[in-house]
Amino acid sequence: MTAEERAKVRDWARRNLGKEVTIIDTNIAIRTSKAMVVGYSEFRVFGEGTTNVLVSFTNHAGCGPDGLDLTDHVFVHSPLNVSLWMVNLYDIEEYVEQE
């Protein structure tokens, strides 16, 4: 992922903080779920940087807040944030529709 692509994810996440989005999960089967944009996550794997949108769920669909580390940037704190998940920008229906 290039620096420009990482900046694009960060900017989109900031513009959509607190908004409800539809996540399209195609890993096992095509299913959708609703989540709230709460920030973004940046991490490096083998020197390659990647940035994902951080979303929250009102149930235990993701990992708990104890799974966060220094690469995660959460800007919306709420009791409704029961669990969090990192999502690729292209797996968010609202982003795909805007493109």
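Bear in mind the structure is a predicted one, so any value in this text is a computation, not a measurement.
- Linking Ile, Leu, Val, Met, Phe, Trp and Tyr whenever their side-chain heavy atoms come within less than 4.5 Å puts Leu17 and Met36 in one cluster.
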Notebook entry, point to check: Between Trp12 and Val53, is a side-chain contact (heavy atoms from CB on, under 4.5 Å) present by the stated rule, with each step listed?
Noted result: CA-CA 8 Å; Trp12 189 90; Val53 177; 4.1 Å; yes

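- Residues Val87 and Ile92 form a side-chain contact, since some pair of their non-hydrogen atoms from C-beta on lies under 4.5 Å apart.
- In terms of the side-chain contact (heavy atoms from CB on, under 4.5 Å) criterion, residue partners of His73 (sequence neighbours excluded) are, by chain and number, Tyr40, Glu42, Phe75.
- Looking at heavy atoms from C-beta onward, Ile23 lies in side-chain contact with Val55 at the 4.5 angstrom threshold.
- Lys34 is listed as a side-chain neighbour of Glu20, based on a closest heavy-atom distance under 4.5 Å.
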Residues 58-69, side-chain donor-acceptor partners within the protein, below 3.5 Å, at least two apart:
from  : atom 1 : to    : atom 2 : distance (Å)
Asn59 : OD1    : Ala61 : N      : 3.0
Asp69 : OD1    : Thr71 : N      : 2.8
Asp69 : OD1    : Thr71 : OG1    : 2.5

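- Using a 3.5 Å distance cut-off with no hydrogens or angles, the side chains of Asp72 and Ser41 do pair a donor with an acceptor.
- The shortest non-hydrogen separation linking Ala13 to Gly39 is CB-O, 3.6 Å.
- Between Asn52 and Leu89, the closest side-chain pair of non-hydrogen atoms is not below 4.5 Å.
- Using a cutoff of 4.0 Å between basic side-chain nitrogens and carboxylate oxygens, Lys8 and Asp11 are not scored as salt-bridged.
- In the hydrophobic clustering of this structure, Trp85 groups with Val74; members are Ile, Leu, Val, Met, Phe, Trp, Tyr whose side-chain heavy atoms approach within less than 4.5 Å, directly or through other members.
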Next item on the list: Walk me through it: do Leu84 and Val38 pass the test side-chain contact (heavy atoms from CB on, under 4.5 Å)?
Entry: CA-CA 9 Å; Leu84 302 163; Val38 295; 3.9 Å; yes

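- Remark: Glu5 engages Met1, Thr2 in a side-chain contact (heavy atoms from CB on, under 4.5 Å) (not counting sequence neighbours).
- Taking OH of Tyr90 as the reference point, atom CD1 of Ile24 lies at 13.5 Å (rounded to 0.5 Å).
- Closest of all the heavy-atom pairs between Glu94 and Thr22 is OE1-N, 2.8 Å.
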